[in-house]
Number of protein chains: 4
Amino acid sequence: MTITPPPAPEAAGPRVPRTPRGARTRARLLEAAEHVFATVGYPDASIVKITEEAGVALGTFYVHFAGKKEIFDEVVGDLSHRVRQAMSEASGRGRTRIEAEREGFRAFFRFTAEHPALYRIIRQAEFVSPEAMRAHYASIVDGYAEGLAQARERGDIRAVDPTVAAWALMGAGELIGMRWILWEQADDIPEHIYEALMDVVQGALAPTTTDERPAR
Amino acid sequence: MTITPPPAPEAAGPRVPRTPRGARTRARLLEAAEHVFATVGYPDASIVKITEEAGVALGTFYVHFAGKKEIFDEVVGDLSHRVRQAMSEASGRGRTRIEAEREGFRAFFRFTAEHPALYRIIRQAEFVSPEAMRAHYASIVDGYAEGLAQARERGDIRAVDPTVAAWALMGAGELIGMRWILWEQADDIPEHIYEALMDVVQGALAPTTTDERPAR
Amino acid sequence: MTITPPPAPEAAGPRVPRTPRGARTRARLLEAAEHVFATVGYPDASIVKITEEAGVALGTFYVHFAGKKEIFDEVVGDLSHRVRQAMSEASGRGRTRIEAEREGFRAFFRFTAEHPALYRIIRQAEFVSPEAMRAHYASIVDGYAEGLAQARERGDIRAVDPTVAAWALMGAGELIGMRWILWEQADDIPEHIYEALMDVVQGALAPTTTDERPAR
Amino acid sequence: MTITPPPAPEAAGPRVPRTPRGARTRARLLEAAEHVFATVGYPDASIVKITEEAGVALGTFYVHFAGKKEIFDEVVGDLSHRVRQAMSEASGRGRTRIEAEREGFRAFFRFTAEHPALYRIIRQAEFVSPEAMRAHYASIVDGYAEGLAQARERGDIRAVDPTVAAWALMGAGELIGMRWILWEQADDIPEHIYEALMDVVQGALAPTTTDERPAR
DNA sequence: GATGAATGAGTATTCATTCAT
DNA sequence: AATGAATGAATACTCATTCAT
């Protein structure tokens, strides 16, 4: 799992605070929002809850964000950027193709364990902000697919379709993470599950003697 | 993908209609609810919308269901049962292990294409009714894992952990379906994507000469 | 001022209550709304105030009306219909053309004195619901203009343009009513003001010896 | 329509800017406010909109005006002063009584066409600032009534009550302007409407042989 | 069984105004 | 003078649910 690092977060777009005080308040709101969205879900995440948690007045919210959806999108973007960053860094540390793969998944699971919010928030995004959701998946999968394409080039893996493989393995990781981290509320994935998954992943990608060009 | 068929839907539980008229009304409400949940999402699915679409008065809803969550759970249960049924039937038609696998996935994609509702509804269930969501996944994955275990017994596949493999491949199918059916709003998965996925799946499960018992 | 009677109020359109209880509640809301709009003006007329005055719960409002503007339009329509009715009846009682004129204005002033709401509400309508406002003026003026046209036909008045005259005299009545009834919060227009106005009106319309067909 | 010119705008009252920069800012705010009030109406005219249109920061507003009502009053005062000025000048140009009448109305319609804001703003004033509204009407009508009184003195017009006639004819002009300039969004009143109105006005005021009583 | 009127707590959002800089 | 962040009360409107008929 070699993941190319994400582009820097989009320069601006939303209201940019012009004073340090404003910047602090805005950050507090974002943090609070991440927590609230993850805890009670988008529909039950009221602006009141968010501002209360952030310790600011209700009206202040609208000084910094245009509305509920806007802050949601920003939270999703943030989280998305952070997982991809974490996965990219981790996979980059792997010396061999296999190590890169293992490190990438490990980073993903670790992030999942530390930010259960990610999952919960992303899953809601389907209805709330499909664009944000697609951007999230696309961002991660694209990086992964690129890594697979290079590995195939080098003959490190079988001639699988890199994009399809990336989506498939991303899905594998996602459900495994959901099942053994979120549902179990575990701090990390159990080692033997991790190894069993890696076994499946290796099988899916392992180079074979009878290797040929895949269709695309 | 050999999937054992689901148990018959739980005998009763909720209000059971005592007249044919009642049964018809109840069915109309369920159908309307599936549609509304799939279209606008749980939080925006108001009882009014459901009853309007069903063509009954607002109060009638509460004659048949205890509340919004209850009808949601029933819709989820329904859909869940129907996918599993479809997958089980299809995989049962496969002569060889590989054919069973292929047919199972095919049935899953077909169902996804015909009932995009399934996805959308399930993904929301995380917050609305975690139990229903877990029941859904568990139901499918358990059937699949059982099939994999038997295949391993027969030496048809590698010594992968059947449960982990089942979750992983379920995840693979899920994201592929999301990407190429839902996002494209396609009627079916493109053939080459399907084949590329099967290629990955086969690789993940294919028996090898150097095959040994996996840990669990 | 001969005013033809208004058409019957539009059959239905808005939510029609299906039970006597519903009808009663709806009527109470309309009455309350008329009062509130007249007292504090449209922008400050909150739904809460209206429902409190009507003695029903907030939500009940939306059972009967789609929103604030909708109830406003209905109130305007009501009032408009009632003035026109009153003016038409009164002018119909006049034996001569002059008497009709006098009675029409008298009815207008009487209505103004009894329903100061009319003025205040209509004047706001400009911004809130221009259609309603135009409908109101048009309805009254059209009736008046028709009466003038007939009077001209009979040679009872000068060859003035009936439409222009109707608007002009309507305006005269409006400002006079505003000045001497509303601003003075009087129960009726002072007799000498009324006579002075009638003098002006008679002058404007009086047939002359040198009378001919007017251009248009 | 002979209208005496308005007194110079009341010396000061509100915050007076002490620097040229301040004066400029204040003027920009007033201009913006006139536009905003005319466009969206008083209740929807937010201070933010006004300051944005004026290109200054929100807080700056309160440097120059005590609040929303205060700037509204000033805008009304301004407009009022300007119409009266225009009407007075125009009527002064008329050589004969009739010409003065015609010119006064013409000026009024021209102002209406050029500043539709006037109407819209005045009509709202009823609720927002009754004093301002009364001041506006009183100012114009008083000037007009004075002119009529003098004309009567000279025997140029019939013995109508000048005050009542002034209010009545003002009302006539107002509704005619509303109907044929504002509603039609026209640049000027159609010539034949103007003539038809003048015909009515002449009739109302024309001296007759049998001239007697105006009560007062 | 079915109806539809009634409820009232809850929602996102706006806005005039204050104030520290 | 000018700024822009912060406030919090107020607003229109929604909706799951209850209940008398």
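Bear in mind the structure is a predicted one, so any value in this text is a computation, not a measurement. Just so it is clear: chains get the letters A, B, ... in the order the sequence lines come, proteins before strands, and each one is counted from 1. All values below were derived from every heavy atom in this structure, side-chain atoms included, with hydrogens, water molecules and symmetry-related copies excluded.
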Ignoring backbone atoms, establish whether A:Thr25 has a side-chain N or O less than 4.0 Å from OP1 or OP2 of F:dA5.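 It does not, given that no N or O in the side chain of A:Thr25 lies less than 4.0 Å from OP1 or OP2 of F:dA5.
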For E:dA6, take OP1 and OP2 only and decide whether either is under 4.0 Å from a side-chain N or O of C:His64.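 Looking at the OP1 and OP2 atoms of E:dA6, one of them is under 4.0 Å from a side-chain N or O of C:His64.
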How close or far is atom [atom2] of [N] from atom [atom1] of [X], stated in whole angstroms?
X	N	atom1	atom2	result
B:Ile50	E:dG4	CD1	P	18 Å
B:Lys69	F:dT17	NZ	C1'	17 Å
C:Phe65	E:dA6	CZ	C1'	15 Å

5' priority, DNA chain E, between A:Glu70 and B:Val56 [closest heavy atom]: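 It is B:Val56 whose nearest nucleotide is closer to the 5' end.
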Taking for each residue the nucleotide of DNA chain E bearing the nearest heavy atom, is the 5' side occupied by B:Thr19 or by C:Val63?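 Mapping each residue to its closest nucleotide by heavy atoms, the 5'-most match is B:Thr19.
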In what stems does DNA chain E take part, counting only runs of at least 3 consecutive Watson-Crick or G-U pairs whose two distances fall under 3.5 Å?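 So far as stems of 3 or more pairs are concerned, DNA chain E shows E:2-21 with F:2-21.
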Should the pair D:Phe72 and D:Tyr42 be assigned to parallel (<30°), tilted (30 to 60°) or perpendicular (>60°) ring geometry?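 It falls in the perpendicular class, over 60°.
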So, are C:Glu74 and C:Lys69 salt-bridged, with charged N and O less than 4.0 Å apart?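 The answer is no: the pair does not qualify as a salt bridge.
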Salt bridge between B:Glu52 and B:Arg28, side-chain N to carboxylate O under 4.0 Å?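 Judged by the 4.0 Å cut-off on N to carboxylate O distance, B:Glu52 and B:Arg28 do not form a salt bridge.
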If only atom types and distance count, is the side chain of D:Glu70 paired as donor or acceptor with the main-chain N or O of D:Gly67 below 3.5 Å?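 Checked: pair present.
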Is there a donor-acceptor contact under 3.5 Å from the side chain of A:Lys68 to the main chain of A:Ala45?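 Here the side-chain-to-backbone pair exists.
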Evaluate whether atom CD of A:Glu53 has more than 12 neighbouring non-hydrogen atoms of other residues, nucleotides or ligands under 6.0 angstrom away.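 Above 12, so yes.
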Quick one: which of E:dG4, E:dA6, E:dT3 gets closest to the side chain of C:Arg18?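 Among the listed nucleotides, the one closest to the side chain of C:Arg18 is E:dG4.
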Quick one: ring pair (Phe, Tyr, Trp, His ring centres under 6.0 Å) partners of C:Tyr119, sequence neighbours excluded?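 Partners of C:Tyr119 by the ring pair (Phe, Tyr, Trp, His ring centres under 6.0 Å) criterion come out as none, since no residue qualifies.
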Reckon D:Thr60 touches a base, only the sugar-phosphate, or nothing at all at heavy-atom distances under 4.0 Å?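 The answer is base, as D:Thr60 lies within the cut-off (heavy atoms under 4.0 Å) of a base atom.
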Taking only nitrogen or oxygen atoms into account, show me every contact under 3.5 Å that the protein makes with nucleotides 10-12 of chain F, one pair per line with its distance.
residue	atom	partner	partner atom	Å
F:dA12	OP1	C:Ala45	O	3.4
F:dA12	OP1	C:Lys68	NZ	2.9
F:dA12	OP2	C:Ile47	N	3.1

So is C:Arg120 actually on top of C:Phe37's ring, under 6.0 Å and inside 45° of the axis?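 Cation-pi check for C:Arg120 and C:Phe37: fails.
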DNA chain F: A:Gly59 or D:Gly55, which has the more 5' nearest nucleotide?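 It is D:Gly55 whose nearest nucleotide is closer to the 5' end.
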